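Below is one structure, written out as structure tokens, with a few remarks after it.
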There are 2 protein chains.
Amino acid sequence: MTTPKPATIHDIARLAGVSSATVSRVLSNSGYPVSAKLREKILRTAKEVHYVPNLLGKQLKTNINTTIGVIVPSITNPFYSSVLLGIEETARKNNYNVLLCNSMHDPVLEETYLRTTFEKQIRGLILSSITEDKKAIQDYIRMGQRIIAIDQKIDDAGISQVEFDYHKGGLLATRHLIANGHRRIAFVTAPLDRPSRIGIHSGYLEAMREAGLELLVKETARDHKYDGIYEFENGKALTSMLLEEEDKPTAVFACNDMTAFGVIHQLDASGFRVPDDISVIGFDGIDFGEIVRPALTTIKQPNAEMGRLACSMLMEAMQSDGFEPVHLLLQPKLIERQSVAPIAIEA
Amino acid sequence: MTTPKPATIHDIARLAGVSSATVSRVLSNSGYPVSAKLREKILRTAKEVHYVPNLLGKQLKTNINTTIGVIVPSITNPFYSSVLLGIEETARKNNYNVLLCNSMHDPVLEETYLRTTFEKQIRGLILSSITEDKKAIQDYIRMGQRIIAIDQKIDDAGISQVEFDYHKGGLLATRHLIANGHRRIAFVTAPLDRPSRIGIHSGYLEAMREAGLELLVKETARDHKYDGIYEFENGKALTSMLLEEEDKPTAVFACNDMTAFGVIHQLDASGFRVPDDISVIGFDGIDFGEIVRPALTTIKQPNAEMGRLACSMLMEAMQSDGFEPVHLLLQPKLIERQSVAPIAIEA
DNA sequence: ATGAAAGCGCTAACAT
DNA sequence: ATGTTAGCGCTTTCAT
């Protein structure tokens, strides 16, 4: 089945006995004046030949591309899929589409995507970068790529970004535990090599310090790659280590919800009841926190909102010629559910 | 900050004192013979001007587009994000990119995406359609769009598709319950308006019939939209209805894992222990099944594998001129975890 | 109000 | 082995 070549504006022009310029003017809704008679005729024959505009031709000419790229570590993480949905929603409202790029936590792949999106003439990117070295990113910005950094901030650059106030979140979570009477509070975390985790950690530190409490941090070795179900495994592993402590914690603060699930799982497996014996608080606010038993107390980030905002900012950045980088700091919120309890009064 | 116009092959040609054809020949790795001297010179000046090929120009000329579209109801559903990851993986291996389209369960939006992907000259789609009316799809196929249907089969058309053997899965799940001594087995499901659910349902029917058992089906009203957390709510609601039955079930089979989580939740809230009092089995095999307590016994579908296969099939379909539609039926597998127990012997 | 023509960046006959 | 040229589908000056 060989498909007939689709009709172009030239075909329509020939059939309607007009010039292709006129056809272009009406079919592209240019607003350019065309007599009602011709307009109607063109519209009619366009319909007859099932005309579908070729956006590539238009794009090559106008140099306006209506697709943006989104680069995230992995869509498998519910946090990113929420963000992505928010991005797509506002992109759609602006008649943009989204090219999805999962970097799979691989810096090389991230850079590959940086390049191919640029080659495809995409001039707007929303990026949750996992690379330490931001040089490549700078290069593309210099070449005219518009980039909004989300989640993982990019320090050096004059880059617009929307991120969560991780420090505040860490503070909020830890203080909540303290307010519930806990004094021996552990922080379990994937490697502290990303701004988000570093922020959460510093929030934990500040809250502990202001309460005069002793720190207890368990961090995964830096060479691990954790994602999706692995974060869960990570939570289990870190908890096992934690339970070997002489002075066991009465509360655990996990760097994200998936890890928290692992913590709860391991606690349960080791015979500790949550929250009766040990309280657990997470960080993210993914939907599954409601599903799990006990429902997870956590710090909620406005995920989809982050996506929407990032996309709006991108749309603006792509319109304007100059650029003054904007930083947005989204505020965290405590979601009280069932995994945190006031500390039991030891008799 | 106005960005200088990026260099084209013509710029390079001028600088290197050769024709743009020659430049194209070396920069596009055409394999066409070019003297080592010129090649080297061209490569050098390309690097000097930071040449980045404009794939749009190439595409317009060659009529070969290296992005495919993926249309799914919502990436928020972990099942689809797994599939998507599989798709992107094999797309990437073939140097293709993925334009993501969430139809949000909206037929109108689905059709919009059908159109815009076509306008963007995308000539390969992986589609989990939610529309009843497949006419639009047929139209685009006729115009040359290559479409692989996943998950939701498209009956009428000569369309290639890869789907799960839902009937077999339904059979497997129900038989597992029966093998554990259950006789009063409920099937709770979102509306039976999609091939997948209908297949699962028919598997349930067959297994029940062959064991001579009485049916007990609870179906959501058809006008609801269930997705993500709502499937969870749906499971709760259906379970409430179920518990009003005179003759309560000893086992519940849910049409998907998210719904099963809701079932377990409501059972728990109503004072029934899973699996001690009532067994629950799900359908999907999403990762969270391992995280939830009790871990969910379920029917696992090879999600990412489905994505990979669908993408491979698409790549082939896009190469060949003729087309003989292929149907792939992926086999389900029982994952025994902790939410199903042999029925208690009533004294 | 309409048309002619150039050109966006690239490739691919077709010459030489 | 290299160059010349036409053209992919579209928009947009510039004439008329």
Side-chain angles (χ1 to χ4, degrees), chain A residues 3-43 45-46 49-66 116 118-123 143-144, chain B residues 3-43 45-46 49-66 116 118-123 143-144:
Chain A
T3 319
K5 256 177 71 70
T8 71
I9 52 172
H10 298 103
D11 298 323
I12 296 175
R14 197 168 17 80
L15 292 170
V18 299
S19 79
S20 56
T22 307
V23 176
S24 169
R25 297 202 251 255
V26 355
L27 260 27
S28 67
N29 299 309
S30 67
Y32 197 95
V34 172
S35 72
K37 204 181 65 179
L38 284 193
R39 151 166 283 117
E40 200 264 336
K41 187 180 213 167
I42 288 168
L43 253 16
T45 86
V49 298
H50 298 108
Y51 174 71
V52 178
N54 181 331
L55 259 30
L56 253 42
K58 177 177 193 155
Q59 231 167 194
L60 189 57
K61 178 66 187 176
T62 62
N63 208 18
I64 289 176
N65 192 323
T66 56
T116 58
F118 198 80
E119 289 182 352
K120 291 196 172 180
Q121 304 306 110
I122 285 175
R123 288 299 177 271
M143 291 194 280
Chain B
T3 319
K5 257 177 71 70
T8 71
I9 52 173
H10 298 104
D11 299 324
I12 297 175
R14 196 168 19 79
L15 291 170
V18 298
S19 79
S20 57
T22 307
V23 176
S24 170
R25 295 200 253 259
V26 353
L27 259 27
S28 67
N29 299 309
S30 67
Y32 198 96
V34 172
S35 72
K37 204 180 66 179
L38 283 193
R39 150 166 284 116
E40 200 264 335
K41 187 180 214 169
I42 289 168
L43 254 15
T45 86
V49 298
H50 298 107
Y51 174 71
V52 178
N54 181 333
L55 259 29
L56 254 40
K58 176 175 193 158
Q59 234 169 193
L60 189 58
K61 175 69 186 174
T62 62
N63 209 16
I64 289 175
N65 191 324
T66 56
T116 58
F118 197 81
E119 289 182 351
K120 291 195 170 180
Q121 304 307 110
I122 285 175
R123 288 300 176 268
M143 292 195 279

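Per chain, numbering begins at 1; letters A, B, ... match sequence-line order. Just so it is clear, the structure is predicted and the values come from calculations on it, not from any experiment.
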Using modelled atom types only, decide if a donor and an acceptor are shared between the side chain of A:Asn65 and the backbone of A:Lys120 within a distance under 3.5 Å. yes
Answer yes or no: is there a donor N or O on one side and an acceptor on the other, between the side chain of B:Ser24 and the main chain of B:Ser20, under 3.5 Å? no
Would you list the protein and nucleotides 9-12 of chain C atom pairs, both N or O, that sit under 3.5 Å from each other?
| from | atom 1 | to | atom 2 | distance (Å) |
| --- | --- | --- | --- | --- |
| C:dG9 | OP1 | B:Lys5 | NZ | 2.9 |
| C:dG9 | N2 | B:Gly57 | O | 3.0 |
| C:dC10 | OP1 | B:Tyr51 | OH | 2.4 |
| C:dC10 | OP1 | B:Asn54 | N | 3.0 |
| C:dC10 | OP2 | B:Ile9 | N | 2.8 |
| C:dT11 | OP2 | B:Ser24 | OG | 2.5 |
| C:dT11 | O2 | B:Lys61 | NZ | 3.3 |

Evaluate the side-chain proximity of A:Leu43 to A:Arg39: yes if any heavy-atom separation is below 4.5 Å, no if none is. yes
Taking any atom closer than 4.0 angstrom to a non-hydrogen atom of chain B, what span of DNA chain D does the protein reach, first nucleotide to last? D:dA1 to D:dG9
Spatial distance of atom CG (B:Leu56) from atom CD (B:Gln59) [nearest 0.5 Å]: 6.0 Å
Pairwise distance CD1(A:Ile9) to NZ(A:Lys58) - rounded to 0.5 angstrom: 11.0 Å
Rounded to the nearest 0.5 Å, what's the gap from CG on B:Leu55 to OG1 on A:Thr116? Could you check? 8.5 Å
The residue among A:Val34, A:Val18, A:Ile42 that forms side chain to side chain contact (heavy atoms under 4.5 Å, CB included) with A:Arg25 is A:Val34
Roughly how far apart are A:Asn54 CG and B:Phe118 CZ, rounded to 0.5 Å? 9.5 Å
Are A:Ile12 and A:Val49 close enough, and set up right, to give a side chain to side chain contact (heavy atoms under 4.5 Å, CB included), and what steps lead you there? CA-CA 8 Å; A:Ile12 296 175; A:Val49 298; 4.0 Å; yes
Test side chain to side chain contact (heavy atoms under 4.5 Å, CB included) applied to A:Arg123 and A:Asn63, step by step: CA-CA 10 Å; A:Arg123 288 299 177 271; A:Asn63 208 18; over 6 Å; no
Pairs counted only when both distances fall under 3.5 Å, Watson-Crick or G-U: show me the 5' to 3' dot-bracket for DNA chain D, [ ] for pseudoknotted crossings and | for other-strand partners. ||||||||||||||||
